[in-house]
Amino acid sequence: MKMTQAKRFTLEEYHKLTEIGFFHEDDRIELIRGEIIEMAAKGTAHETCISKLLRELVRLLGDAATLRCQSPILLLNNSEPEPDFAIVKNKPDDYLSAHPTPNDVLLVIEISDSTLNYDREVKLSLYAEAGISDYWIFNLSDNQLEAHSEPFQNSQGNFGYQNRRIVLPNQAIALPSFPDLFLDLNRVFPPKQK
């Protein structure tokens, strides 16, 4: 008896499906390791954190880098995640010719509540394998920032980050590649609901 196997897509196939209108414009999907993943719905705390973080990052970065919000980045040959934020190098065409690749990415940020395990496991290893130097998870469940840096591959072939730093809401953290720019987390985390 033949076993069934899920179809895995390449970036080229995924883009072709998009071009022919297979997906609706309002579909919240991303390609992760060849699988088309439907992204989780966002709650009010997630949306509040996005709004506050957007305001702070725009203010801090100015024209020093390009801030992308829920926009694709090209990783490997079978992954095109749409992280909550990516800080990327400035390009003259503002990425009109192609989405950013790992060489363009300075920092990837995910905001997590219901997706915390997915962001810690699947997304973390994906970003590390692609060589993304810094990956932050705004952990809304525990009200803390998990700042990961220095991607590596262990002897079993798994990818991760050598450093994990916990930053609390009453603290500030320097933006990677911009040691003089500090993000005050008190201005980002939504107040805890009672």
Peer 1: Less than 4.5 Å apart, side chain to side chain, heavy atoms only: is that true for Val167 and Trp136?
Peer 2: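 No. Closest side-chain heavy atoms not under 4.5 Å.
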
Peer 1: Can you list everything that forms a salt bridge (Lys or Arg N to Asp or Glu O under 4.0 Å) with Arg165? Sequence neighbours excluded, please.
Peer 2: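 None.
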
Peer 1: I'd like to check the ring pair (Phe, Tyr, Trp, His ring centres under 6.0 Å) partners of Phe189; sequence neighbours left out, ordered by chain and number.
Peer 2: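 If we apply the ring pair (Phe, Tyr, Trp, His ring centres under 6.0 Å) test to Phe189, skipping adjacent residues, the hits are Phe138.
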
Peer 1: In Å and rounded to the nearest 0.5 Å, what is the CG to CG distance from Asp113 to Leu140?
Peer 2: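 Between Asp113 CG and Leu140 CG, I get 5.0 Å after rounding to 0.5 Å.
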
Peer 1: Quick one: CG on Asn103 to CG on Leu74, what's the gap to the nearest 0.5 Å?
Peer 2: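 Atom-to-atom, Asn103:CG and Leu74:CG are 11.5 Å apart.
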
Peer 1: Does Lys89 reach the side chain of Tyr95, with side-chain heavy atoms less than 4.5 Å apart?
Peer 2: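 The answer is yes; the side chains approach within 4.5 Å.
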
Peer 1: Would you say Pro176 and Leu106 make side-chain contact, with heavy atoms under 4.5 Å?
Peer 2: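 In short, these two side chains do not touch, never coming nearer than 4.5 Å.
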
Peer 1: What's the separation between atom CG in Leu54 and atom CD in Gln70, rounded to the nearest 0.5 Å?
Peer 2: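 Between Leu54 CG and Gln70 CD, I get 9.5 Å after rounding to 0.5 Å.
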
Peer 1: Indicate the atoms forming the closest heavy-atom contact of Ile73 with Ala86, along with that distance.
Peer 2: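 Looking at all heavy atoms of both residues, the closest pair is CG2-CB, 4.3 Å.
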
Peer 1: Treating Asp184 as the side-chain partner and Asn186 as the backbone partner, does any N or O pair qualify as donor plus acceptor under 3.5 Å?
Peer 2: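 Yes; at least one donor-acceptor contact below 3.5 Å.
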
Peer 1: Show the nearest heavy-atom pair for residues Pro83 and Ser71, with the distance to one decimal.
Peer 2: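 Heavy-atom minimum between the residues: CD-O, 3.6 Å.
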
Peer 1: To check you understand the geometry: which heavy-atom pair defines the closest contact between Tyr161 and Ser133, and what is its length?
Peer 2: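 Heavy atoms only, the tightest pair is CE2-O, 3.8 Å.
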
Peer 1: Write down the atom of Leu124, the atom of Tyr135, and the distance for their closest heavy-atom approach.
Peer 2: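 Heavy atoms of Leu124 and Tyr135 come nearest at CA-CE2, 3.6 Å.
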
Peer 1: How close do Lys52 and Pro190 get, counting heavy atoms only, and between which atoms?
Peer 2: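 Reported closest heavy-atom pair: NZ-CA, 4.3 Å.
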
Peer 1: Taking the side chain as C-beta and beyond, is there a heavy-atom pair between Leu75 and Val105 under 4.5 Å?
Peer 2: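 Not touching, per the 4.5 Å side-chain cut-off.
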
Peer 1: Say whether, by atom type as modelled, one donor and one acceptor occur between the side chain of Asp119 and the main chain of Lys123 under 3.5 angstrom.
Peer 2: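 Side chain of Asp119 to backbone of Lys123, a donor-acceptor pair under 3.5 Å: no, none is there.
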
Peer 1: Using atom types as modelled and distance alone, determine if a side-chain donor or acceptor of Ser51 lies under 3.5 Å from a backbone N or O of Cys49.
Peer 2: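 No; judged by distance alone, with no hydrogens or angles, the pair does not exist.
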
Peer 1: Counting distance only, does the side-chain N/O of Asp104 pair as donor-acceptor with the main-chain N or O of Thr101 below 3.5 Å?
Peer 2: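 Such a contact is found between Asp104 side chain and Thr101 backbone.
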
Peer 1: How far does OG1 of Thr115 sit from CZ of Arg120, to the nearest 0.5 angstrom?
Peer 2: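 The OG1 atom of Thr115 sits 10.5 Å away from the CZ atom of Arg120.
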
Peer 1: Give a yes or no answer on whether the side chain of Asn139 reaches the backbone of Ser141 with a donor-acceptor pair at less than 3.5 Å.
Peer 2: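 A pair under 3.5 Å: yes.
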
Peer 1: How long is the span from the CG atom in Leu53 to the CG atom in Leu67, to the nearest 0.5 Å?
Peer 2: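 So the gap between those two atoms works out to 8.0 Å.
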
Peer 1: Grab the two heavy atoms, one from Ala174 and one from Phe182, that are nearest each other, plus how far apart they are.
Peer 2: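 Smallest interatomic distance, heavy atoms only, reads N-CD2, 3.6 Å.
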
Peer 1: To the closest 0.5 Å, what do you measure between CZ (Arg68) and CD (Glu82)?
Peer 2: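 These two atoms lie 9.5 Å from each other.
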
Peer 1: Throw together a table of side-chain donor-acceptor distances under 3.5 angstrom for residues 56-66, partners on residues two or more places apart or in other chains.
Peer 2:
residue	atom	partner	partner atom	Å
Glu56	OE1	Arg59	NE	3.4
Glu56	OE1	Arg59	NH2	2.7
Glu56	OE1	Arg187	NE	3.2
Glu56	OE2	Arg187	NE	3.0
Glu56	OE2	Arg187	NH2	3.2
Thr66	OG1	Asn90	OD1	2.7

